[in-house]
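Working notes, structure below.
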Amino acid sequence: MIKARDEEKRMAVQKLEEYALNREALKGLRSKLKRLADAGKPAVASVASYDAAATSTTPYHPGMMNIAEECQRILLKIADRQAEILIIEDALQIINKGINCEHYSDILIMRHVDGYSMERITEKLGYSSRQAIYNQYNKALSKFAKALEWTK
């Protein structure tokens with residue numbers, strides 16, 4: 001059995017909570033990127049805009065550079081969030097490996113991402129008692145904390 005120290009478990013819980021926030025933030029960033037991309041689309045492409053490029057006149061609106069720069073910043077934020085999410089998801093996949101571990105990631109996600117009570121998790125997963133789910137939760141959290149170290 002893999003044991004994690006209390007500090008490692010606290011950090012693991014913090015990572016799970018950050019995971020939930022990162023998933024929400026990613027949705028917001030993608031929405032913002034789409035709005036910016038839509039704002040930067042030309043209404044109608046015209047022959048004059050292509051001719052302007054040949055005459056060294058900028059064919060784009062001056063604000064387009066700001067939109068492009070903001071899109072680039074958002075894309076970098078998205079990449080950072082996705083990297084954090086992948087670390088957590090890799091660790092969650094690792095903890096489901098082994099005998100009697102098939103619900104480990106479900107328990108952690110339900111508890112720290114979905115915000116379910118232990119009673120609700122017990123019902124959802126069909127465990128016979130709250131104590132059984134608490135035991136599984138503690139094992140899952142210890143294994144998750146160690147898996148996070150391995151995925152670094």
Side-chain angles (χ1 to χ4, degrees), residues 1-45 58-152:
M1 172 70 176
I2 298 170
K3 294 274 187 180
R5 296 186 325 264
D6 287 342
E7 182 60 29
E8 291 172 325
K9 288 181 182 179
R10 276 193 291 281
M11 293 300 292
V13 167
Q14 182 180 350
K15 284 290 188 184
L16 285 166
E17 290 168 356
E18 288 173 7
Y19 173 72
L21 294 173
N22 280 333
R23 286 178 39 179
E24 286 303 311
L26 199 54
K27 289 178 192 174
L29 288 168
R30 286 182 176 143
S31 174
K32 186 174 182 180
L33 184 62
K34 182 171 178 357
R35 284 193 312 272
L36 279 172
D38 289 345
K41 288 181 185 173
V44 176
T58 305
Y60 301 108
H61 186 275
M64 290 299 293
M65 189 55 104
N66 292 338
I67 291 173
E69 289 171 359
E70 183 62 17
C71 286
Q72 188 62 33
R73 280 192 292 275
I74 292 171
L75 286 170
L76 291 173
K77 287 179 185 179
I78 287 173
D80 289 342
R81 300 282 180 155
Q82 285 176 326
E84 288 293 319
I85 287 170
L86 285 175
I87 289 169
I88 301 303
E89 289 176 348
D90 286 348
L92 289 169
Q93 284 183 356
I94 290 169
I95 68 170
N96 278 344
K97 308 269 190 249
I99 299 170
N100 298 324
C101 300
E102 65 272 1
H103 292 295
Y104 280 9
S105 63
D106 295 335
I107 292 167
L108 294 179
I109 292 293
M110 286 180 191
R111 181 73 177 138
H112 296 289
V113 177
D114 299 334
Y116 288 179
S117 67
M118 290 304 233
E119 292 81 13
R120 182 77 175 122
I121 297 169
T122 302
E123 292 169 14
K124 292 273 276 178
L125 295 179
Y127 279 80
S128 59
S129 70
R130 271 192 335 197
Q131 188 57 49
I133 205 72
Y134 275 106
N135 292 341
Q136 291 294 302
Y137 171 80
N138 285 321
K139 290 175 187 176
L141 192 57
S142 286
K143 196 170 179 182
F144 180 71
K146 290 299 182 183
L148 282 175
E149 288 181 19
W150 299 331
T151 57
K152 288 182 184 179

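Throughout, residue positions are numbered sequentially from 1 according to the sequence presented. Keep in mind it's a predicted model, so treat the numbers as computed, not measured.
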Among Ile107, Thr122, Leu108, which residue meets the side chain to side chain contact (heavy atoms under 4.5 Å, CB included) test with Gln136?
Ile107

Do Arg81 and Glu84 sit within salt-bridge range, that is, some charged N less than 4.0 Å from a carboxylate O?
no

Determine the minimum heavy-atom distance between Ile133 and Met118, stating which atoms define it.
CG2-O, 3.9 Å

Does Ile67 form a side-chain contact (heavy atoms from CB on, under 4.5 Å) with Cys71? I'd like the steps, not just the answer.
CA-CA 6 Å; Ile67 291 173; Cys71 286; 4.2 Å; yes

Would one find more than 12 heavy atoms of other residues, nucleotides or ligands at under 6.0 Å from atom CZ of Arg23?
no

Heavy-atom donor-acceptor pair, Asn22 side chain to Ile85 backbone, under 3.5 Å:
no

Taking C-beta and beyond as the side chain, do Arg30 and Leu26 meet within less than 4.5 Å on heavy atoms?
yes

Using side-chain contact (heavy atoms from CB on, under 4.5 Å), reason through Ile121 and Tyr137 one step at a time and then give a plain yes or no.
CA-CA 10 Å; Ile121 297 169; Tyr137 171 80; over 6 Å; no

Should Lys34 and Asp38 count as an ion pair when the cut-off is N to O under 4.0 Å?
yes

Go through the steps for Lys15 and Leu148 under the test side-chain contact (heavy atoms from CB on, under 4.5 Å), then give the verdict.
CA-CA 9 Å; Lys15 284 290 188 184; Leu148 282 175; 3.9 Å; yes

Verify the distance criterion only: is there a donor paired with an acceptor across the side chains of Gln14 and Glu18 at less than 3.5 Å?
yes

Specify the closest pair of heavy atoms between Cys101 and Ile95, including all atoms of both residues, with the distance to one decimal.
CB-O, 3.4 Å

Can you give the donor-acceptor pairs under 3.5 Å from side chains of residues 124-132 to other protein atoms, not counting sequence neighbours?
unit_1	atom_1	unit_2	atom_2	d
Ser129	OG	Ala132	N	3.1
Arg130	NH1	Glu119	OE2	2.4
Gln131	NE2	Asn135	OD1	2.9

If only atom types and distance count, is the side chain of Lys143 paired as donor or acceptor with the main-chain N or O of Lys97 below 3.5 Å?
yes

